[in-house]
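Here's the structure we're looking at; comments come further down.
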Amino acid sequence: MKILVCVKQVREPESDIKIDDSGRRIFADKSTSYRMNRFDEFAVEEALLIRETFPHTSIDVISLGPARSAMVVKRALGMGADHGIHIITGGQDLLDPFVVASLISSYARNNNYDLILSGVMAEDDMQGQVGPIIAELLSMPWATSAIFENLSPESGSIYVEREIEGGYRDCLELRLPAVLTVQSGINEPRYPSLSNVLRAKKQDLETIDANVLNTVPPRQSLARMAYPQKSRSGLVLTGSQPEKASKLLHILRNKSLIR
Amino acid sequence: MDRSTVIVAEHQGGKIDPITYELASCAMEIQRYRPTSLKFVILGDKVEDLAEELANNTGKDIIGIQDPNLVSYNAEAYKTLLGDLLQDLRATYVCIAHTTKGLDYAPALAMRLQGGCITGVEHISQEELRICFSRAIYNGKILANVIPETEPTVLTIQPGAFKAPNLDNSIAGSVEIRKTTFETQQSRRLGVKQTKESDSALAEAEVIVAAGRGIGKKGKLELIYRLAAIFPKSAVGGSRPMCDMGWMEYKRQVGLTGATVMPKLYLACGISGSSQHIAGMRASGFIAAINTDPNAAIFNVADVCVVEDLTRFIPVLIEEYEKQ
């Protein structure tokens with residue numbers, strides 16, 4: 001089995017997210033912290049679990065982004081992946097998913113992967129498109145939002161359960177090679193181990209300049225960013241904690257929501 | 001034939017899903033900026049009656065794809081059958097519901113059509129005379145205004161973002177049913193199974209106190225239960241991370257992949273407000289939110305906002321309640 005896992009570096013989404021003066025980027029400075037997209041951690045873990053079941057599996061991890069995104073490839077190696085690839089791009093915040101998927105596909109096309117995994121979406125741009133687009137560009141079947149999988153290399157297929165609405169799962173079987181995007185909760189991602197981290201430190205990544213791969217024109221562009229409008233009154237309570245508590249109770253009583 | 005904006009109708013259990021009309025509203029807004037004819041497409045194993053119903057309700061032309069193998073969703077069938085039909089219809093824009101199904105096939109369908117895909121659309125506007133689609137990024141803290149650089153563009157539309165329109169249905173639209181039997185090559189459907197029992201407690205509750213990642217430690221959940229106890233007819237719910245971490249049973253999950261709830265009061269504690277969570281609770285009667293981050297997306301849908309650490313604030317709230 002040969003697996004490719006696509007990982008992305010994202011800004012900590014719970015941190016202070018502000019639009020910069022250009023109106024087209026999120027403000028960043030030296031103190032900005034980045035990490036691996038949480039959904040991709042589940043994808044890396046799932047690949048590692050497959051290798052535990054099928055020991056002759058090799059796991060490649062690929063990321064696309066500016067120089068700093070090499071960190072997430074190293075982290076995946078620290079978790080136990082075998083080989084890291086970094087497609088280096090400029091520093092844009094948001095890339096067109098078609099461009100991203102085209103670049104990854106042009107790398108994957110020559111490497112005969114049996115399975116390509118990624119998180120269900122990136123926490124920053126929330127597009128959820130790269131996985132299914134890679135599948136279509138490489139003429140592979142795919143399933144998004146996978147919450148369970150069972151690989152059968154001998155029959156050349158993978159059984160997948162997709163998480164759908166209302167507590168249901170859509171069950172299907174895909175012929176290999178296939179693409180899965182992984183939903184959170186499919187497993188418990190491990191922390192990098194010391195021995196793997198030391199190995200990852202010494203190991204070189206395969207780096208590729210995005211410009212030498214087949215570049216395609218983007219199919220969407222960002223006009224600008226804005227802050228969302230409030231859909232309700234959004235009254236912000238002020239004062240000390242007991243004052244805020246008392247105001248909240250007063251409002252709820254007036255609406256007969258509490259006795 | 002002129003260019004068209006095509007709506008992919010949603011249906012379930014022999015009924016048109018109301019989201020279909022929201023998609024129509026979105027399509028009509030697109031028409032304001034990009035005049036095209038508006039058509040509906042409906043796929044399934046038995047769609048004749050549904051297509052008639054849509055034609056009567058909307059006054060628009062409906063094209064049904066009826067295939068005995070389309071008992072339920074299959075990505076390969078959808079992308080192939082829709083891909084062929086939409087090319088036929090010279091679709092400029094395609095409106096699909098932003099659901100786990102829509103999001104599964106929309107990007108690949110766009111590739112089939114040599115077009116682009118924009119997911120999670122919430123709003124339509126114009127930027128420098130070009131049509132522009134707004135979508136949430138960074139967990140709903142920011143909106144990105146995105147311009148399509150190619151046609152056609154496949155859109156997935158956030159449920160609840162567009163209100164169902166008033167359609168002129170004085171004259172029923174036409175209905176055309178195309179019959180196919182599509183055999184999948186690369187995938188096989190094995191049915192749908194229920195894994196999370198839905199919690200009737202959430203559906204029946206008048207007040208839901210819900211916890212999110214902001215709670216920090218599993219042990220602090222006790223505060224949420226204590227807070228819920230001061231409300232009559234209350235239940236405790238949670239956001240997806242609560243359930244993924246195993247801190248709460250899945251049946252308590254509120255959101256797109258969990259329960260959709262509409263209590264009289266929804267009290268969100270330490271919930272950042274991802275669009276997937278908001279989709280499950282935005283219809284609640286009154287929404288109060290407690291979060292340390294004043295920019296948390298949950299505050300955009302809240303009636304009352306408390307910028308506090310819930311682990312400190314909830315004990316004070318309970319104390320104040322008991323005093324009065």
If we ignore angles and hydrogens, is there a donor and acceptor under 3.5 Å between the side chains of [X] and [Y]?
X: A:Gln127; Y: B:Thr119; answer: yes
X: A:Glu165; Y: B:Thr100; answer: yes
X: B:Arg240; Y: A:Ser184; answer: yes

Would you give the length of the straight line joining atom CD1 of A:Ile164 to atom CD of B:Gln194, rounded to the nearest 0.5 angstrom? 10.5 Å

State, to 0.1 Å, how close A:Leu172 and B:Arg189 come at their nearest heavy-atom pair, and which atoms those are.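 Closest approach of A:Leu172 to B:Arg189: CB-CA, 4.4 Å.
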
Scan B:Glu319, B:Glu308, B:Arg312 and name whichever one has a side-chain hydrogen bond (donor to acceptor under 3.5 Å, both in side chains) with A:Gln241. B:Glu308

Check: [X] side chain, [Y] main-chain N or O, donor-acceptor pair, under 3.5 Å:
X: B:Asn145; Y: A:Ala223; answer: no
X: A:Ser233; Y: B:Asp303; answer: yes
X: B:Glu320; Y: A:Leu248; answer: no

Can you check whether [X] reaches [Y] side chain to side chain, under 4.5 Å on heavy atoms?
X: A:Gln129; Y: B:Met111; result: no
X: A:Met126; Y: B:Ser275; result: yes
X: A:Arg169; Y: B:Val192; result: no
X: B:Tyr73; Y: A:Arg162; result: yes

Side chain / backbone / both / neither for A:Leu237 at chain B, heavy atoms under 4.5 Å: both

Chain B shares the most heavy-atom pairs under 4.5 Å, among A:Glu123, A:Glu188, A:Gln183, A:Arg24, with A:Gln183

Pick from A:Ala122, A:Ser221, A:Pro141: which one has the most heavy-atom pairs with chain B under 4.5 Å?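 Ranked by contacts with chain B, first place is A:Ser221.
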
If you measure from the Lys or Arg side-chain nitrogens to the Asp or Glu carboxylate oxygens, is any gap between B:Glu76 and A:Arg175 under 4.0 Å?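 Looking at B:Glu76 and A:Arg175, the cut-off is not met.
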
Are any of the side-chain nitrogens in B:Arg135 or A:Asp125 under 4.0 Å away from the carboxylate oxygens of its partner? no

Which is it for B:Lys101 and A:Asp170 under the salt bridge (charged side-chain N to carboxylate O under 4.0 Å, His left out) test, yes or no, and what are the steps along the way? CA-CA 10 Å; B:Lys101 174 174 124 184; A:Asp170 193 8; over 6 Å; no

Quick check on [X] against chain A: is it the side chain, the backbone, both or neither that has a heavy atom closer than 4.5 Å?
X: B:Ile318; value: neither
X: B:Val207; value: side chain
X: B:Ile230; value: both

